[in-house]
Amino acid sequence: MTNLLFALSVAAIAAAGLWLALRRDLVDIVIGLALVGTAANLFLFGAGRVVEARPPLLAAGETAFAHAVANPLPQALVLTAIVIGFALTCFAVALALRLAGGREVDGDALSAAEPPPARDGEPGGLP
Amino acid sequence: MHATPAVHPPLAAWVRFAWLLPALLFALALGNGRWPLGVEFAWVAALDVAVAFHIDGLSRLFVLLITGIGALVLFYAPAYLAGDPRLASLVRLLLAFMAAMLGAVCADDLVLLFLFWEATSVLSFLLVGFDHEKPASREAARQALLVTGGGGLVLLAGLLLLLEAAPGLRLSTLSSLDAATVGQPLFAAGVALVLVGAMSKSAQFPFHFWLPGAMSAPTPVSAYLHSATMVKLGVYLLARFDPALSGVLSWWADALVAIGTLTAVWAAVLSLRERDLKRILAWSTVSALGTLTLLIGLPNEWGALAFAIFLLAHALYKAPLFFVAGNVDHATGTRSIDRLRGMRRALPLTATAAVLAGLSMAGLPASLGYVAKDVMSIAKSLSEPMWLVGAASVVVSAVGVAVAAVAALRVFFGPADGPPLAADGQGVSLRLDLPPLLLALCGLLLGLFPAWAEPVLLEAAGVVAPRLAGALPVLGLVDGPRLGGVAIVVALGAATYGCWDRFHLLLERLRPLDAFGPAAGYRLALRLVKSGGALVGRRMQNGRTGFYLCVSVLAVVALAAPLLPPPRWSATALDGADLGFAAAAALAVVGAVSAVAARDTLARLLAAGLVGVACAMVFLFRGAPDLAFTQLVVETVFVVVAAVALRRHRPLSPPPRVGALRAAVAVAFGALLGGLTLAVQQAPPDTQLSQFFLGASLPQAHGRNVVNVIIVDFRALDTLGEIAVVLLAAVAARPLVAALRGADAATAGRSVILAHAVAFLYPLMLFTAALVLLRGHNAPGGGFIAALLAVSASAAIALVFGPAAARSRLPLAPPALAAAGLVLALLSGLPALLLGQAFLTHQWGEITLGGFSFAFSTVLLFDLGVLCCVWGALAGFCLRLLGEGR
């Protein structure tokens, strides 16, 4: 049951994130990307199995774990992933602001940066 | 195109003497009598691929051809391209090609054979396209590469299938395969693919069209690649496979006879259509290659002998004829048989060579061509009566006689109204005449004294037909009945020669039929690939980024979804201990739904923040306090910074609609990730690595917080890379945010209470960050979390007093702080290097000072580096973004 609930929350966050990322509004896209990142972090955390367990901390005086503890490896990976994800989200916000330049922000304006479409018999691509 | 230099660089001496190398090899191959010869080095042992060579009689015949004619071609080339600055590169390419050919005919390992085979295709591409300024040259080179290179890929597939069916197969062990192995369908499929590959290389129908096109190559190249050596690689391979297959695979011999006959006749007819001397010779080469294929397919031993003799005879008359065509071209600038007449007065030696080679090509008595024809007719008469093949060979021989007459008589004799010699005064030097004369004389001498060549030829034929043994009639015997056959063919050939122009006109009228030929099919396929590619490009690369995302996601879902195991539903009820976790997960779902449902950007941002907080709760309830702490701080800072930075943002109006398709894509993506999560949860975990970390954390790394120990110690190098990424993101954003209007003025009308509170809180937060850093090794905390706390402290100052105030309170400017952090982290790894340990192996020491002992470790230095790097990078971001919102 907890497994199912956990999977459901990952699915909901990922779907909401992608849905936002597919919109035209650049700010929605940035929020969507952040949500997709959160879903990915949760999924990675889940790879260590989401079970009732104590944190992987040795109490003072103990020399070995006497009880079941949570898997520390995915935690270490996810911790750095959260910070990197935050840095990249900030980058995306900066990009969005720069593109906006004070105007309304439109994802379709991004297409202006795309190479021209291919003509018959010739490949498309950057000039 | 750059201008040709006015003064040519002096010709390096090695170019003039490069022919000595193949000549030496030729002498070695001729003199050495110890065959077969095997050499082997291990190469890719895991794939059972070795550098293995095996030189037997068949290989030796080819080695003699490659080195012998190669020596003459290299002797000829410097005179042909005299004064051309590209001569040295031509000679280099020819030498490389020769090496590839030698490798191909000596290779024993199948993969090695393929590599040399492809090398010859690529070098042929470079040589055919040697005049790369001419579009026709480039087109011909591309065609040759696509046909022979594509055939090479088919060959590779075939060889791999053979290796699959008969592991450890070598060319030298082919003949000892048992019938059961050869009888496997897999083996037969491999053989069929090898056959296709060999056909493409040897220009067999329907791949024949590339060879005449390749005549745009310089003459030395045509003489070498397209008559004497490379195009014979295909028949070489067929001859290699024949002893193992004939009699076992029922269709093998029939297929060879059918393909060979069709190619020989087809090419013979098409040669009548040409007016260019070189192209006429090219078509007759295709015809000869068809004859060679046919001879391999003949079931008796005489076919093998005829194959070997005709192979040699053809090389000895066709190569000189190509040289002759080159000399005529060199002297007059044209190769059209309409203009070339009576050239014997201007080019007496070339004319002599042409006539001598023509005698052999026509198969007149006392030439090697006659001997070959003779043995061929014996082989055919011993086979089951195949009247169609017999009739075809008469046509082919007659056209051969006619082509010989065109090359030897039409061009050189008759009225002297031929074109004037080229104005540049480059006559035909002895160096240009010597190679064709020598080869043509060889053809005649070996015809008169076949016994000289007999050992080599018998050895080669013995490989193709192992039962072939001694007891042969005297070769080249001239007697009545055989002469009668020759006379008939010569008469027919003379008639064809006489009607050459009439045949030409007739075939010209049939030219529209070309639209249905293989060459047209090749062009159509090429056009389809191009327009198909353009169509796909137009449809797929339509400039809409959302479309790209949809396609990528759908592709991933379509690929991954079928791999998911079916979910197992367990109906365990939630117990009390799980309630907190369940509430957190439910809150995450609620946050996600609200993010979708929200109408306003700020509301959406807050919903995203809610998701983050719910996530932090999930971490907390599942034994990850470090993660919970990190997520919480990140989420808070993100929501505040984004809300301020995007304060002036107005959502697009009217509210943008997301199509049903995009919603479906999003749902499919969520379902895939959810399904994956469930599948992972239901699989048994592999805790080996985690158990190691849990066990080794205290004794080896002196830390009680295993998560932190992993980050700063066990996987420190990874962490170093990760903080470098954070730094790079900040560096990459600098040009973006620098252009924003950084309104640095403090907020007007700020709350006095808030200002006092923040001014008091700032040092407190930094102190907390320092504590979190220090205790991180043994309790929740560490460099990352401390950095996020420090970032939120800076953000708080910026919100109240403005970004400039926050920046002034940092120990260094943000980029410098981040860089200093990275340097600190790097430095913390150096002591280990000095002690001869792996980089970033942390050191521990204890200093006793006045009764107190302080533990010191490079771990702390590393974590301090993490703190500074992340603080500097993220604070730089946040301050800029906050400034933008003002």
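As the structure is a computational prediction, the values presented were derived from the model and not from experiment. Order of the sequence lines sets the chain letters (A, B, ...), proteins ahead of strands, with each chain counted from 1.
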Is it the side chain or the backbone of A:A81 that comes within 4.5 Å of chain B heavy atoms, both, or neither? neither
At a heavy-atom separation under 4.5 Å, does B:V870 approach chain A through its side chain, its backbone, both, or neither? side chain
Measure distances from B:A730 to the heavy atoms of chain A and classify the residue's part below 4.5 Å as side chain, backbone, both or neither. neither
Do B:F629 and B:F619 have ring centroids that are under 6.0 Å from one another? no
With a 4.5 angstrom heavy-atom cut-off, is it the side chain or the backbone of B:L689 that approaches chain A, or both, or neither? side chain
Salt bridge present between A:D25 and B:R604 (N-O < 4.0 angstrom): no
Give the intermediate values and the outcome of side chain to side chain contact (heavy atoms under 4.5 Å, CB included) for residues A:E52 and B:F581. CA-CA 9 Å; A:E52 174 69 36; B:F581 171 77; over 6 Å; no
Part of B:P699 within contact of chain A (heavy atom distance under 4.5 Å): neither
Go through the atoms of B:L874 and report whether side chain, backbone, both or neither lie under 4.5 Å from a heavy atom of chain A. side chain
Portion of B:D718 that has a non-hydrogen atom of chain A nearer than 4.5 angstrom: neither
Can you tell me which portion of B:F693 sits under 4.5 Å from chain A's heavy atoms? Options are side chain, backbone, both or neither. side chain
Kindly give the heavy-atom pair with the smallest separation between B:V639 and B:G609, and that separation in Å. CG2-CA, 3.7 Å
Looking only at A:G46, A:A21, A:A64, A:G48, most heavy-atom pairs under 4.5 Å shared with chain B are made by A:G46
Heavy-atom pair count under 4.5 Å with chain B, highest-scoring of A:P55, A:P74, A:A47: A:P55
Looking at B:A624, B:A586, B:G591, B:A607, which makes the most heavy-atom pairs under 4.5 Å with chain A? B:A624
Nearest 0.5 Å, please: how far is CZ in B:R622 from CG in B:L627? 14.0 Å
Assert top hit (heavy-atom pairs under 4.5 Å, partner chain A, pool B:G782, B:P780, B:A787) equals B:P780
Between A:I13 and chain B, which part of the residue has a heavy atom less than 4.5 Å away: side chain, backbone, both or neither? both
For the student: nearest non-hydrogen atoms of B:V611 and B:A588, plus distance: CG2-O, 3.9 Å
Testing the basics here: between B:V618 and B:A585, what is the closest heavy-atom pair and its distance to 0.1 Å? CG2-N, 4.0 Å
Give the C-alpha distance, both sets of side-chain angles, the deciding distance and a yes or no for side chain to side chain contact (heavy atoms under 4.5 Å, CB included) between A:W19 and B:V667. CA-CA 8 Å; A:W19 187 82; B:V667 169; over 6 Å; no
Hey, can you pull the donor-acceptor pairs under 3.5 Å for the side chains in residues 82-93 of chain A, sequence neighbours left out?
unit_1, atom_1, unit_2, atom_2, d
A:T89, OG1, A:G85, O, 2.8

Toward chain A, the part of B:A732 with a non-hydrogen atom under 4.5 Å: both
Let me know if A:V51 has heavy atoms under 4.5 Å from chain B in its side chain, its backbone, both or neither. backbone
Measure the OG-CG distance between B:S697 and A:L58 for me, rounded to the nearest 0.5 Å. 6.5 Å
Does the side chain of A:N71 come under 3.5 Å of the side chain of B:S690 through a donor N or O and an acceptor N or O? yes
For A:V36 and A:G17, which heavy atoms make the closest approach, and how far apart are they? CG2-C, 3.6 Å
Contacting region of B:V665 [heavy-atom separation from chain A under 4.5 Å]: both
For the candidates B:N708, B:L549, B:I785, B:V596, which exhibits the highest count of non-hydrogen atom pairs separated by less than 4.5 Å from chain A? B:V596
So, for B:C878 and B:V637, which heavy atoms are closest and what is the spacing to 0.1 Å? SG-CG1, 4.0 Å
Toward chain B, the part of A:L79 with a non-hydrogen atom under 4.5 Å: both
Under the criterion side chain to side chain contact (heavy atoms under 4.5 Å, CB included), I'd like the reasoning laid out for B:I723 against B:F784: C-alpha separation, chi angles, the key distance, then a yes or no. CA-CA 9 Å; B:I723 60 174; B:F784 279 106; 3.9 Å; yes
Greatest number of non-hydrogen atom pairs under 4.5 angstrom with chain A, of B:A584, B:G546, B:A683, B:A642, falls to B:A683
Atom group of B:V725 that falls short of 4.5 Å from chain A, counting heavy atoms: side chain
Less than 4.5 Å to any heavy atom of chain A: does that hold for the side chain of B:A608, its backbone, both, or neither? both
The side-chain hydrogen bond (donor to acceptor under 3.5 Å, both in side chains) partners of B:D713 (sequence neighbours excluded) come to none
Using heavy-atom distances under 4.5 Å, tell me whether B:R715 contacts chain A through its side chain, its backbone, both, or neither. side chain
Which of B:A592, B:A614, B:A779 touches chain A most, by non-hydrogen pairs under 4.5 Å: B:A592
Per-residue contact mode, B:L676 against chain A (heavy atom under 4.5 angstrom): both
Portion of A:R49 that has a non-hydrogen atom of chain B nearer than 4.5 angstrom: both
With chain B as the partner, which of A:A76, A:G32, A:A16, A:A70 has the greatest number of non-hydrogen pairs under 4.5 Å? A:A76
